[in-house]
Amino acid sequence: MIGRLAPVITAAFARHAVLLGTTLFMVMPFVWMVSLSFKSPDEFFQTRFGLWPETFHGIENYTRALTEVSLARFMANGAFVALSVLVLQILVAAPCAYALAKLRFRGSEALFALVLIGLLIPQEVLGLPLFILFHLLGLLDTYAALILPFAVSPFAIFLLRQFFKTVPDDMIHAARLDGLSELAIVWRIMVPTAMPALAAFAILSVISRWNNLFWPSIAISSEELMPPTLGIVFFHNEEAGNDYGPLMAAATLVVAPLIVAFLAAQRRFIEGVTMTSVK
Amino acid sequence: MAGVRLKEIAKSFGATDVLKGVSLDITAGGFTALLGPSGCGKSTLLRIIAGLETQDGGSVVIDDRAVDRLRPTARDVAMVFQTYALYPHMTVAQNMALPLKMRHMTSWQRLPLLGGAVFGNRNIRNTIDTTVREAAAALEINHLLDRKPSELSGGQRQRVALGRAMVRRPKVFLMDEPLSNLDAKLRVQMRAEIKELHRQLGITFIYVTHDQAEAMTMADQVAVMMDGELLQVAPPRTIYAAPADIKVATFIGSPQINLLSGISRHDGAVDVPTATLAPGATAPSGAKITVGMRPENLSLADAAGPGNLTGTVRTVEDLGTDLFLHLEIHGAADLVIVRADPARRDGLGHGATVHVSPRPDTMLLFDANGKRLAPATTRPNGANGDDATGSAGMLPGAPTVRPLPIANAANRPRRQDPTEPIAESVE
């Protein structure tokens with residue numbers, strides 16, 4: 001018995017060792033950030049390496065992070081922008097995805113190909129054209145500059161289209177006979193049945209908006225419009241010097257809402273990305 | 001009451017002609033079954049009536065009004081789907097209320113919270129709620145109203161689908177194989193209930209099925225479709241006893257009808273392998289003829305005779321009520337099946353030689369093209385639209401009288417098990 005099980009156990013052990021190794025690799029910077037946020041400035045440049053602070057400097061660091069710059073304002077900006085973008089993305093993507101998944105019309109395949117091409121274009125490539133466009137529109141340094149470039153998400157269209165494809169045609173036929181218009185079918189039938197996919201997308205979308213530094217650093221210069229990432233950079237430039245404690249405290253505070261949100265929606269997120277269809 | 005008239009409906013998908021000019025009159029308030037093997041175009045026809053597909057040619061008239069340009073909801077038809085197509089995120093009550101809400105409330109009134117507070121939808125909501133509860137009570141699903149479809153069994157989902165279709169009192173009720181996802185026992189029960197529902201609602205029912213048992217027991221008019229064409233439209237009894245076409249004759253009936261090919265003589269008799277039959281229909285002398293005989297219209301004879309078939313027993317199936325003998329007739333392509341009295345079982349083992357005499361007035365004659373030749377005088381079995389099963393299935397819960405020995409598909413092998421007259425779907 002044991003002789004036969006041995007290779008299985010070895011394989012499981014190796015698998016977990018690899019997974020633990022990579023996890024450690026991923027988590028380390030994060031743990032280091034949290035650890036630094038509790039340390040005093042004297043400890044930063046010591047040769048001794050330790051995660052636990054010698055003198056607990058957390059209260060000072062977090063107080064400075066919260067008081068010296070308007071971190072709350074940055075986070076409110078970030079939340080407003082991320083949620084506005086998410087709402088717009090769903091408003092645009094759901095009807096598009098429905099049309100691509102369920103309606104037969106000339107050119108639908110070409111349009112879908114365009115969506116796929118859209119998936120391939122990195123956001124940085126669009127930085128300069130968008131900057132010029134928003135300059136011409138006079139919208140630079142406004143909330144609109146943070147929100148509008150992301151209103152159309154090819155990824156959302158793609159993800160929802162794949163999900164809508166799994167909805168049986170008869171359900172749409174039934175809805176048409178029940179008197180629903182095409183848009184009513186989208187909002188009353190398709191979107192509610194795609195909740196797992198939408199939850200997954202919402203998490204991905206909010207995270208990428210919240211963490212985005214590139215575009216805000218181009219489009220925003222006023223402090224009161226800054227999202228959290230840009231705020232931290234601003235904080236770093238203005239205040240920190242070699243004082244990393246408050247900076248790390250600010251970074252920890254900025255990441256915390258995402259982690260809470262992800263943990264809360266984890267099950268739905270996994271359902272959504274693994275494409276469990278409606279039953 | 002709304003009748004439905006189809007005029008020369010044509011539809012093709014790519015190079016395939018799915019419907020080749022189908023014309024059909026469906027009586028107002030009647031129960032019409034569209035019966036045919038899968039892929040014959042019957043579901044497409046139903047979808048065209050509903051407005052879910054657009055026909056390439058022809059016209060659909062509902063209640064004396066051409067509806068070709070109307071959207072599905074404006075046609076005032078309701079449909080029950082094979083997969084039920086319930087909305088998975090809504091409760092049973094919400095599923096059933098949705099068609100009423102879409103019809104009787106404005107989009108402002110449908111808004112959650114605001115709709116009630118600002119636009120005064122309370123009265124409409126109450127009416128809808130009452131209607132849903134009444135329909136649910138009629139279908140005995142009122143205890144399920146707060147559940148989601150995923151928490152229901154197949155039969156319960158079926159009832160909810162029926163309920164959602166009937167709450168808004170459509171002019172025409174369309175059903176697309178609504179029973180094929182249910183198990184055999186439940187299917188028999190639901191047949192009776194749908195029949196009863198039709199009696200209560202009194203509206204036009206159009207019922208698509210590949211299961212002849214469903215068509216024969218429920219409908220008062222059966223339209224047999226094959227390869228995009230209507231072969232025969234008639235009451236079930238006529239379809240069985242006087243099929244217009246050899247394809248209809250083989251599609252309907254279980255065990256399948258026996259077919260023997262022969263040559264007609266100048267005196268009207270037909271030479272078939274081992275016998276000369278006097279079928280009572282006329283054919284030109286020397287023509288190639290196919291004679292069709294239902295197993296129950298053959299009986300064992302004591303001795304050989306000019307009008308008796310002679311064969312060797314290959315298989316004996318004793319079902320208790322019936323004894324089916326499969327005979328090999330010298331010179332015939334297929335085995336001939338005879339229904340006999342189980343009491344006569346003795347001496348009918350494998351290899352025994354038996355003589356069989358057909359009842360003359362029940363023989364069906366088909367010409368080389370498969371069209372039935374008109375009988376000379378009497379109509380077989382007095383078949384004239386008097387649906388003997390009409391009252392049998394109407395009482396819910398009443399035992400279903402075994403109506404006609406019928407099975408499901410045309411191309412079924414002959415050696416099926418007739419212990420289960422309403423056999424499982426083969427598709």
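Each chain gets a letter, A, B and so on, in the order the sequences are listed, and its residues count up from 1.
- Around CD of A:Glu109, the count of heavy atoms belonging to other residues, nucleotides or ligands within 6.0 Å does not exceed 12.
- A:Gly179 approaches B:Thr73 most closely through the heavy-atom pair CA-CG2, 3.3 Å.
- Atom CG of B:Leu52 and atom CG of A:Leu177 lie 4.5 Å apart (nearest 0.5 Å).
- Salt bridge B:Arg47/A:Asp169: absent, no basic N to carboxylate O contact under 4.0 Å.
- The candidate from A:Arg188, A:Arg176, A:Met195 with the greatest count of non-hydrogen atom pairs under 4.5 Å with chain B is A:Arg188.
- In B:Asn126, the CG atom is crowded: over 12 heavy atoms of neighbouring residues, nucleotides or ligands sit closer than 6.0 Å.
- Using a 4.5 Å cut-off between heavy atoms, B:Arg168 contacts chain A through its side chain alone, with no backbone atom that close.
- Residue contact with chain A, scored on non-hydrogen atoms closer than 4.5 Å, involves the side chain of B:Glu53 exclusively.
- Separation of atoms CG (A:Asp170) and CD (B:Gln82) is listed at 8.0 Å; rounding is to 0.5 Å.
- In this structure, B:Arg169 places its CZ atom where only 12 or fewer heavy-atom neighbours from other residues, nucleotides or ligands lie under 6.0 Å away.
- To the nearest 0.5 Å, the span separating CG on B:Leu98 from CD1 on A:Ile189 amounts to 6.0 Å.
- B:Val77 touches chain A through backbone and side chain together, each having a heavy atom under 4.5 Å away.
- When atom types are taken as modelled, the side chain of B:Tyr87 and the backbone of A:Pro192 share no donor-acceptor pair closer than 3.5 angstrom.
- Annotation for B:Met102 and A:Leu180: closest pair CG-CD1, 3.5 Å, computed over non-hydrogen atoms.
- A donor-acceptor pair is defined here as one N or O able to donate and one able to accept, closer than 3.5 Å; no such pair exists between the side chain of B:His89 and the backbone of A:Ala194.
- Taking NE2 from A:His173 and CG from B:Asp176, the interatomic distance works out to 10.5 Å, rounded to the nearest 0.5 Å.
- For B:Leu100, no part sits under 4.5 Å from any heavy atom of chain A, backbone or side chain.
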